[in-house]
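Here's the structure, in structure tokens; my notes come after.
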Amino acid sequence: MLLETRHISKSFGGVQALKDVNLGLEAGEVRGLVGENGAGKSTLIKLLTGVYHLREGTVLWDGKAVSLTSPAESQALGIHAIHQDRTLIPTFDGIENAYLGLDYPTRHGKIDWKAMAARVQSVTESLGLELDLRKTAAALPPPQRTCLEIVRARMRECRLLILDEPTAALTDREAERLFSVVQTLKKNGTAILYVTHRLDEIFRLTDRVTVLRNGAVVDTVETGSVDRDRLITLMTDSVPVRAASRRRTFGGVLLAARNVASRDGSVHCGELYARSGEILGLFGLGGSGRTELLECVYGCRPMSVGTVELNGAVQTKPTPASSLQNGMALICEDRRGKALIGDLDVRDNILLTSIDRFAVGGVLRRKAEDAAVRAQIDALQIKLADMRQRIAELSGGNQQKAVFARAMMTAPRVFLCDEPTQAVDVLTRNEIHRLLRLKADEGCAVVFVSSDLSELLEVADTVQVMRRGSAAQRLINENLTAQQVLSCCYET
Ligand SMILES: Nc1ncnc2c1ncn2[C@@H]1O[C@H](COP(=O)(O)OP(=O)(O)OP(=O)(O)O)[C@@H](O)[C@H]1O
Ligand SMILES: [Mg+2]
């Protein structure tokens, strides 16, 4: 046995995040770890990687008890993790980030930057990844940051690689590369602990799967011996209800973006129109400009040409304030970077854009605010100890739910959602789909970006394809297949 945990527990104040967890991992095994948002997955990982001190329970490595009181100790054993909250240094470039915590090579007493660059480049290529290593981490889009973290993990000897939601926001093609990296590592005898809410990945990649519920291990089963519904039942005790079926008839156009180009060149000729009652799926490969187009339309990325017509008002320079005022909400992909303020509590984060609604003559109505926030927390089942808790203390999926809750609070007519279900568990994912459908049925227009094509085909009435920053085909989702959509994404 490579790794064994015995009676591991962890609590934060009054919240017991892990209870008496026993887990054994063999070398060369790919183990899935699943459970609802807040079940304790990331906490377990942080204990194994020395981010949190292990105070209750023991960890055996190669059969011997080890102390894990710092990340350095854990790394020295060969344990590496790609955390759910990515841990790159924003101002460092790819090479410096890959070398984090490693000794820099020197030549004649000076840092040998050339050798560093060559080493990182060769690791990147050996993984089949394409990355601009000169860019700072802050300048990379989120999927590329994940790739950079994988490169970083591969720079060291790695006996156990832990992946916490690695494919959130990765496109299928990028995910494929990641899967082949996992297969290669497995062949070399590395153990993998793989956390995801995308159950098809569990079935595709893992040998066994461990289910956590409320901090305790429910069971560990052979992946081949269970199906999807069984796994969901182990996690939650209930089976998800599918969102209502798609629509065919729509009202008037609520949002029309025409000929949009961004000043930075990431969008050349973006087109988007969404009608009342419609859920429009926006799809494209990584780098095709989906996120950038939404940002232009919302007004948080400068546009050089183009128009955005919202509820009949035409604008050439939308701003977030004008968009909000005209009834448009953006749920953005980068929840930690752009959407949430980590030091504010959950309540204020949810109220952030709707606070005006609760002011009468400049005086805030606290009780009404509390009630409105509480309603959202209940509807989305956000797991927390108190709405006055710092949002950074919530589990990843529960933070994502808070971003969604905030958009719901402003009662918009047009929703722009960029990966709204990333990191959320199966049941909540369905709940978010259901709520968006409900909004569409009430007459709103919804624009939905997901790098998970099967999800997109499940929810969207219409699919707008983007290719290299420009609008490509617009397809009606009637028996549409993934193949058909993908073939529009590649140059013909
Ligand atoms: N630093 C912290 N302070 C207080 N509570 C915390 C902290 N970290 C985690 N928790 C709580 O511990 C519980 C488990 O959280 P954890 O992040 O391990 O969940 P998870 O299984 O990774 O969920 P997700 O799928 O949403 O990522 C949650 O109730 C969370 O709010
Ligand atoms: Mg987590």
Side-chain angles (χ1 to χ4, degrees), residues 5 8-21 23 31-57 71 81-87 142 146 149 162-169 193-199 201-202 209-218 231-232 234-236 240 335-336 339-340 342-347 349-350 377 380-405 419-432:
T5 73
I8 285 190
S9 296
K10 169 85 190 166
S11 46
F12 298 98
V15 179
Q16 179 125 39
L18 287 176
K19 282 174 224 154
D20 198 29
V21 170
L23 193 81
R31 171 72 61 87
L33 180 63
V34 296
E36 287 185 291
N37 293 134
K41 303 175 298 291
S42 297
T43 303
L44 177 61
I45 291 167
K46 287 178 184 164
L47 284 171
L48 294 177
T49 49
V51 176
Y52 295 149
H53 279 207
L54 183 65
R55 296 223 167 79
E56 293 172 73
I82 294 174
H83 290 284
Q84 187 172 25
D85 300 329
R86 307 286 183 248
T87 54
T146 307
E149 295 234 19
I162 304 175
L163 299 159
D164 196 353
E165 293 273 344
T167 56
L193 186 62
Y194 194 95
V195 177
T196 185
H197 292 292
R198 296 187 179 179
L199 296 184
E201 294 175 1
I202 292 291
V209 51
T210 296
V211 181
L212 274 182
R213 193 198 298 176
N214 292 326
V217 173
V218 179
L231 210 50
I232 294 174
L234 284 174
M235 283 189 264
T236 65
R335 87 176 154 263
R336 280 210 319 151
L340 295 172
D343 285 333
L344 284 187
D345 59 29
V346 178
R347 180 182 182 281
N349 266 291
I350 292 179
I377 290 173
L380 292 164
Q381 296 183 12
I382 301 178
K383 191 174 167 186
L384 38 59
D386 189 315
M387 66 165 91
R388 286 287 181 191
Q389 198 176 3
R390 280 174 67 235
I391 194 125
E393 291 177 3
L394 262 52
S395 80
N398 284 299
Q399 291 181 19
Q400 182 64 32
K401 293 185 201 178
V403 176
F404 192 79
E419 309 277 359
T421 59
Q422 63 170 320
V424 306
D425 59 43
V426 187
L427 288 183
T428 315
R429 194 172 125 123
N430 282 297
E431 182 58 14
I432 287 179

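The figures here come from the full heavy-atom set of this structure, side chains too, leaving out hydrogens, waters and symmetry mates. Counting starts at 1 for both ligands and their atoms, following the listed order. Residue numbers start at 1 and run along the sequence shown.
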- Okay, side chain of Gln400, backbone of Pro420: is any donor-acceptor separation there less than 3.5 Å? yes
- Item | Thr43 backbone or side-chain N/O/S under 2.8 Å from the Mg ion (ligand 2) | no
- Message: Is there a polar contact between ligand 1 and Phe12, counting only N or O atoms under 3.5 Å apart?
- Response: no
- Query: Are Gly35 and ligand 1 in contact, using a heavy-atom cut-off of under 4.0 Å?
  - Reply: no
- Message: Among Gly38, Ala17, Gly13, Ser42, which one puts a heavy atom closest to atom 12 (O) of ligand 1?
- Response: Ala17
- Query: What is the distance from atom NE2 of His83 to atom CD1 of Ile45, rounded to the nearest 0.5 Å?
  - Reply: 7.5 Å
- Task: Going by the side-chain hydrogen bond (donor to acceptor under 3.5 Å, both in side chains) test, name the single residue among Arg388, Gln389, Arg390 that passes it with Asp345.
- Result: Arg388
- When rounded to the nearest 0.5 angstrom, what is the spacing between CD in Glu56 and CD in Gln16? 7.0 Å
- Item | Protein contact of atom 7 (C) of ligand 1 - nearest heavy atom, named by residue and atom, plus distance | Glu393 O, 3.4 Å
- Query: Can you check whether Lys383's main-chain N or O pairs, donor with acceptor, with Asn398's side chain at less than 3.5 Å?
  - Reply: yes
- What are the two closest heavy atoms between Lys401 and Val424, and how far apart are they? CG-CG1, 4.3 Å
- Task: Identify, by atom number and element, the atoms of ligand 1 in contact range of Tyr52, meaning under 4.0 Å from any of its heavy atoms.
- Result: 1 (N), 8 (N)
- Donor-acceptor pair, Thr49 side chain versus Pro71 backbone, under 3.5 Å? no
- For atom 19 (O) of ligand 1, the option (of Gly397, Ala423, Ser395) bearing the nearest heavy atom: Ser395
- When you look at Met235 and His197, which way does the side-chain contact (heavy atoms from CB on, under 4.5 Å) test go after all the steps? CA-CA 11 Å; Met235 283 189 264; His197 292 292; 5.9 Å; no
- From the options Val195, Thr43, Thr428, select the one whose nearest heavy atom is closest to atom 18 (O) of ligand 1. Thr43
- Task: Examine the proximity of ligand 1 to Glu165 and report which part, side chain or backbone, both or neither, has a heavy atom under 4.0 Å away.
- Result: neither
- Query: Between His197 and ligand 1, does any nitrogen or oxygen pair lie at a separation below 3.5 Å?
  - Reply: yes
- Measure the distance from atom 25 (O) of ligand 1 to every protein heavy atom, then report the residue, atom name and distance (to 0.1 Å) of the closest one. Lys41 NZ, 2.7 Å
